[in-house]
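The analysis underlying the following values was restricted to heavy atoms, covering all of them including side chains, and did not include hydrogens, waters or symmetry mates.
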Amino acid sequence: VVATVPPSVWRQFEGSYYSTLGDNLLLESELFQATEQLRRRQIDFLLLKGIVLGALLYPDPALRPSADLDVMVPVTQVEKARQALEDLGYGLQPGRQLDFQLAHSYDIPYVRQAASGQGVLLELHWSLAEPELFNLDVAALWQRARTFTYNGHSLPSLSLEDILFHLTIHIRKHRYVGLRWLVDVSEMLRSFGADLDWPYLLKLAQRTGARTLLYMTLQLAHDV
């Protein structure tokens, strides 16, 4: 296959590969610093998307680009988590208003400058979507959470079914623009589809009002 790719195109692929690898290694380092800080402060957390999807679905850390970090904490621990991140040097993303985020959103976007000089975006979640969009039982997500292992690190995250559901409603947020999310869904089905609790997933989609979104996402992943 390599011999059929023009050298100029292959160099672009190679450049993208190493650029993604560098970005992901930076995000991984920042994530482990942030989660260690949360552990020290005895704050519960779950990791969303990004590194969890990379660890679960892809054999190479450069295959799945990530733009930010996503960490979810219980709503009762948001204030403690905010203080922990701010003590690490994170600050509210410019242009955002804390009161508005707390009242009308489901996350707070924080940024800080890494040692490399790059800016790192970390979104502190307490839910998966705006409260008026989906009837989410966040407590149930925590009860079903599981831990994955990656490079010797324990990664607490959502259950496999809830990861797929999260991808479904996250793709909607991005208006189905970009193939990355559909590739994630496709790889999730390829790796775990036969083992997923489909009755639970269908009931979840029905209860939250996301049944059509789930159908559209699965159909698009199949078609594309």
(request) With rounding to the nearest 0.5 Å, note down the distance linking CG in D70 to CZ in F45. (result) 14.0 Å
(request) Check whether any side-chain heavy atom of R96 sits under 4.5 Å from a side-chain heavy atom of Q101, and report yes or no. (result) yes
(request) Group every Ile, Leu, Val, Met, Phe, Trp and Tyr by side-chain heavy-atom contacts under 4.5 Å, then state whether V78 and F100 land in the same group. (result) no
(request) Scan residues 187-197 for pairs that pass salt bridge (Lys or Arg N to Asp or Glu O under 4.0 Å), counting only residues two or more places apart or in two chains. (result) E187-R190
(message) Just verifying a value: how many Å separate R144 CZ and L46 CG, rounded to the nearest 0.5 Å?
(response) 12.5 Å
(request) Would you check if V73 and L124 make a side-chain contact, meaning some heavy-atom pair closer than 4.5 Å? (result) yes
(message) If hydrophobic clusters are built from ILVMFWY residues whose side chains come within less than 4.5 Å, do L202 and L141 share one?
(response) yes
(message) Quick check for you: to the nearest 0.5 Å, what is the distance between K80 atom NZ and L85 atom CG?
(response) 13.0 Å
(message) Quick check on R82: does its CZ atom have over 12 non-hydrogen neighbours (other residues, nucleotides or ligands) under 6.0 Å away?
(response) yes
(message) Less than 4.0 angstrom from a charged side-chain N to a carboxylate O is my criterion; do R64 and D184 meet it?
(response) yes
(message) Counting neighbours of CD on E132 that are heavy atoms of other residues, nucleotides or ligands and sit closer than 6.0 Å, is the number greater than 12?
(response) yes
(message) If I compare all heavy atoms of A67 with all of R180, which pair ends up nearest, and what's the gap?
(response) N-NH1, 4.2 Å
(message) Determine whether V71 and L31 satisfy the following criterion, side-chain contact (heavy atoms from CB on, under 4.5 Å), listing intermediate values before the conclusion.
(response) CA-CA 9 Å; V71 180; L31 180 64; 4.0 Å; yes
(message) Between D87 and R41, does any NZ, NE, NH1 or NH2 come within less than 4.0 Å of an OD or OE carboxylate oxygen?
(response) yes
(message) Taking I169 as the starting point, is it possible to reach L133 by hopping between hydrophobic residues whose side chains are less than 4.5 Å apart?
(response) yes
(request) Side-chain contact test, heavy atoms from C-beta onward, threshold under 4.5 Å: evaluate it for T147 versus S157 and give yes or no. (result) no
(message) For the residue pair S159 / D162, report whether a side-chain donor-acceptor contact shorter than 3.5 Å exists.
(response) yes
(request) Please report the shortest heavy-atom distance between S186 and A221, naming the atom on each side. (result) N-CB, 4.5 Å
(message) If you compare all heavy atoms of S105 against all heavy atoms of P131, which two are closest, and at what distance to 0.1 Å?
(response) O-CD, 4.0 Å
(message) When you compare the side chain of Q37 with that of I43, does any pair of heavy atoms fall below 4.5 Å?
(response) no
(request) May I ask you to check whether N24 and E28 show a side-chain donor-acceptor distance below 3.5 Å? (result) no
(message) For L98, I'd like to know if atom CG has over 12 heavy atoms of other residues, nucleotides or ligands within 6.0 Å.
(response) yes
(message) To the nearest 0.5 Å, what is the distance between CD1 on I171 and CG on L182?
(response) 5.0 Å
(message) Go through it in stages, so that I can follow the logic: the residues are E161 and W198, the test is side-chain contact (heavy atoms from CB on, under 4.5 Å), and I'd like the CA-CA distance, side-chain angles, deciding distance and then a yes or no.
(response) CA-CA 8 Å; E161 292 81 8; W198 286 101; over 6 Å; no
(message) If you compare all heavy atoms of L88 against all heavy atoms of A34, which two are closest, and at what distance to 0.1 Å?
(response) CD1-CA, 3.7 Å
(message) I want to check something: taking the side chain as every heavy atom from C-beta on, are V120 and Y90 in contact at a cut-off of under 4.5 Å?
(response) yes
(request) Take W181 and K49 through the side-chain contact (heavy atoms from CB on, under 4.5 Å) test and state the conclusion after the steps. (result) CA-CA 10 Å; W181 313 114; K49 300 191 279 80; 4.2 Å; yes
(request) State whether the side chain of S19 and the backbone N or O of G15 hold a donor-acceptor pair below 3.5 Å, judged by distance alone. (result) no
(request) Report yes or no: do F165 and F148 belong to one cluster of Ile/Leu/Val/Met/Phe/Trp/Tyr joined by side chain heavy-atom distances under 4.5 Å? (result) yes
(request) Kindly indicate, with the supporting measurements, whether the criterion side-chain contact (heavy atoms from CB on, under 4.5 Å) is fulfilled by Y215 and T168. (result) CA-CA 9 Å; Y215 171 81; T168 294; over 6 Å; no
(request) Take the angle between the ring planes of F13 and W10 and call it parallel below 30°, perpendicular above 60°, tilted in between. (result) perpendicular
(request) Taking atom types as modelled, find out whether Q118 and R112 have a side-chain donor-acceptor pair closer than 3.5 angstrom. (result) no
(request) Decide if atom CD of Q42 counts as having more than 12 heavy atoms of other residues, nucleotides or ligands within a radius under 6.0 Å. (result) no
(request) Taking the side chain as every heavy atom from C-beta outward, state whether L69 and L121 have any pair of such atoms under 4.5 Å apart. (result) no
(request) Measure the spacing between CD of E123 and NE2 of H125 and express it to the nearest 0.5 Å. (result) 4.5 Å
(request) Would you mind listing the cluster partners of Y106? Hydrophobic ones only (ILVMFWY), side-chain contacts under 4.5 Å, chaining allowed. (result) none
(request) Mind listing the closest non-hydrogen atom pair of L158 and I163 along with its distance? (result) O-CD1, 3.6 Å
(request) Determine the minimum heavy-atom distance between L92 and V111, stating which atoms define it. (result) O-CG2, 4.4 Å
(message) With rounding to the nearest 0.5 angstrom, report the CG to CE distance, L48 to M72.
(response) 5.5 Å
(message) Applying the side chain to side chain contact (heavy atoms under 4.5 Å, CB included) criterion to V185, which one of V224, L164, L220 satisfies it?
(response) L164
(request) Measure from the side-chain N and O atoms of S29 to the backbone N and O of L25, and report whether any donor-acceptor pair falls under 3.5 Å. (result) no
(message) Hydrophobic cluster membership, with links at side-chain heavy-atom distances under 4.5 Å among I/L/V/M/F/W/Y: are F134 and W142 in one?
(response) yes
